[in-house]
Amino acid sequence: MPRKIAAGNWKMNGMKSSLSELRILEDKHGDADIAILICPPFTLISACEDTPFDIGGQDCHTAEAGAHTGDISAEMLADAGASYVLTGHSERRTDHGETDALVAAKSQAAYNAGLIAVICIGETLEEREAGQTLDVIDRQLSGSVPQSADALTTVIAYEPVWAIGTGKVPTTEQIAQVHAHIRTRLQSRFDDGAEFSLLYGGSVKGSNAADIFAVPNVDGALVGGASLKAADFSPIIAALESV
Ligand code: PGA
């Protein structure tokens, strides 16, 4: 069975004072038997080490170390206490021109450092309206997921770009179609393709989480805005715990 994961992506949000939200979550979900992953900004990773949650970076460089001002390596994330890293988030692809090849190289760098890569894929609204969703998914899966991937080292997050931070959510049928497609592709490429955790991301909230988690092949969520406050993230975690 794929592992169930409730993942929070804090993006460029979070100060030291935000750690109090994690203490509230810890009181409620500290011994949950699903994985709870928090991806805070780099500045807070070390400070999260004493929480019971899995901690992830939001990006990493392809190299272990070197002259790359402002970047961070997967080794550094691991050293700071992270066990996961997001790669290929659509905001990285858009803001920093990240290509599938670069995302694959970053994911490989994550594996080399012993991190689990959460590889993010998803179509834009234009691509969906042009009927290209599954083609985009295929291109991103084959270009962004290294051949060395397996279910222990890799999580796939399907995040339609048009659903991120917009309050717009695909129908459960649309999510089901894409997740089934991803599962099929992973199974034909990897021996343990049935075991990869597949997350849905894009405007997940307490009010829609249970419906999304009931969709076949959805093993959890990657949550942005609603992961910042314990009061918003807790019902999402609870919905996943009760699937
Ligand atoms: P959102 O972001 O939940 O705020 O839509 C999701 C994400 O970008 O991972």
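When reading the values below, keep in mind they use all heavy atoms of this one structure, side chains included, and skip hydrogens, waters and symmetry mates. Counting convention: from 1, in listed order, for ligands and their atoms alike.
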| query | Under the side-chain hydrogen bond (donor to acceptor under 3.5 Å, both in side chains) criterion, do E241 and H29 qualify, and how do the steps go? | reply | CA-CA 9 Å; E241 285 183 288; H29 305 283; 3.1 Å; yes
| task | Could you pull out every protein residue that has a heavy atom closer than 4.0 Å to ligand 1, ordered by chain and then number? | result | N9, K11, H89, E159, A163, I164, G165, G202, S203, L222, V223, G224, G225
| note | For T133, the side-chain contact (heavy atoms from CB on, under 4.5 Å) test, sequence neighbours excluded, returns E123, R128, I137, Y158, V178
| field | Path from L198 to V218 over hydrophobic side-chain contacts below 4.5 Å | value | yes
| remark: Joining Ile, Leu, Val, Met, Phe, Trp and Tyr whenever any side-chain heavy atoms lie under 4.5 Å apart, the cluster holding L86 also takes in I5, L37, Y84, I116, V118, V155, L199, L222
| task | Give the C-alpha distance, both sets of side-chain angles, the deciding distance and a yes or no for side-chain hydrogen bond (donor to acceptor under 3.5 Å, both in side chains) between D211 and T172. | result | CA-CA 7 Å; D211 288 345; T172 50; over 6 Å; no
| request: Mind checking side-chain contact (heavy atoms from CB on, under 4.5 Å) for A110 and listing every partner two or more places apart, or none if nothing turns up? | output: V85, L115, A117
